[in-house]
Amino acid sequence: MAEQTFIMIKPDGVQRGLVGEIISRFEKKGFYLKGLKLITVDRPFAERHYSDLSAKPFFNGLVEYIISGPVVAMVWEGKGVVATGRKLIGATNPLASEPGTIRGDFAIDIGRNVIHGSDSVESATKEIALWFPEGPANWQSSLHSWIYE
Ligand code: GDP
Ligand code: MG
């Protein structure tokens, strides 16, 4: 199966009307949308998603941020989508994110950095299973041979 990643537009991205812009960047790149839902998660779910960061001093604030409103949870598919997705997103701290990246163009504070993307294929598998227990959608784009040689 082609590589997949988990991408989440955080509550600030939804509130600020950045959903269409962000989806558009992944679409235009050539990645395929394989899962999409607007969902408000509860505290235990957010703590599970960020369980690797539970010892960090910002953990509680991070969980409060993620549960503060609906998020857009997505699965995107394509060659190298985990690493390239992280490049489209930009550095964790938006002050260090390059212009042209999502965080570089749309965010300032690290605690309001608009979007999440899986950091490895292994995390992507875990995060997709957590957010999409029903599994991603199964469809093939008819544009495939215009994007891949
Ligand atoms: P990411 O993979 O680039 O999202 O970064 P991490 O996995 O290291 O951290 C997860 C999220 O926690 C980040 O996207 C930020 O929203 C938040 N975060 C990370 N480091 C800090 C920090 O030093 N302070 C605050 N307030 N939030 C942070
Ligand atoms: Mg991370």
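The shown structure was predicted, so the numbers you read here are calculated from the model rather than taken from an experiment. Atoms within each ligand, like the ligands themselves, are counted from 1 in listed order.
- Here the side chains of Glu27 and Trp76 are in contact, with some heavy-atom distance below 4.5 Å.
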If you look at each N/O of ligand 1, which protein N/O atoms lie under 3.5 Å away, and at what distance?
residue  : atom   : partner : partner atom : Å
ligand 1 : 2 (O)  : Arg86   : NH1          : 2.7
ligand 1 : 3 (O)  : Thr92   : OG1          : 2.5
ligand 1 : 3 (O)  : Arg103  : NH1          : 3.1
ligand 1 : 4 (O)  : Arg103  : NH2          : 3.1
ligand 1 : 5 (O)  : Thr92   : OG1          : 3.3
ligand 1 : 14 (O) : Lys10   : NZ           : 2.9
ligand 1 : 14 (O) : Asn113  : ND2          : 2.8
ligand 1 : 16 (O) : Lys10   : NZ           : 3.1
ligand 1 : 16 (O) : Ile110  : O            : 3.1
ligand 1 : 16 (O) : Asn113  : OD1          : 3.2

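- Put simply, the side chain of Arg16 never gets that close to the backbone of Val114: no donor and acceptor are under 3.5 Å apart.
- Side-chain N or O atoms of Ser118 include none that pairs as donor or acceptor with a backbone N or O of Thr5 at under 3.5 Å.
- Within a 6.0 Å sphere centred on CH2 of Trp146, other residues, nucleotides and ligands contribute 12 heavy atoms or fewer.
- A 6.0 Å sphere centred on CD of Glu134 holds more than 12 heavy atoms belonging to other residues, nucleotides or ligands.
- Residue-environment remark: CG (Leu38) exceeds the threshold of 12 foreign heavy atoms within 6.0 Å.
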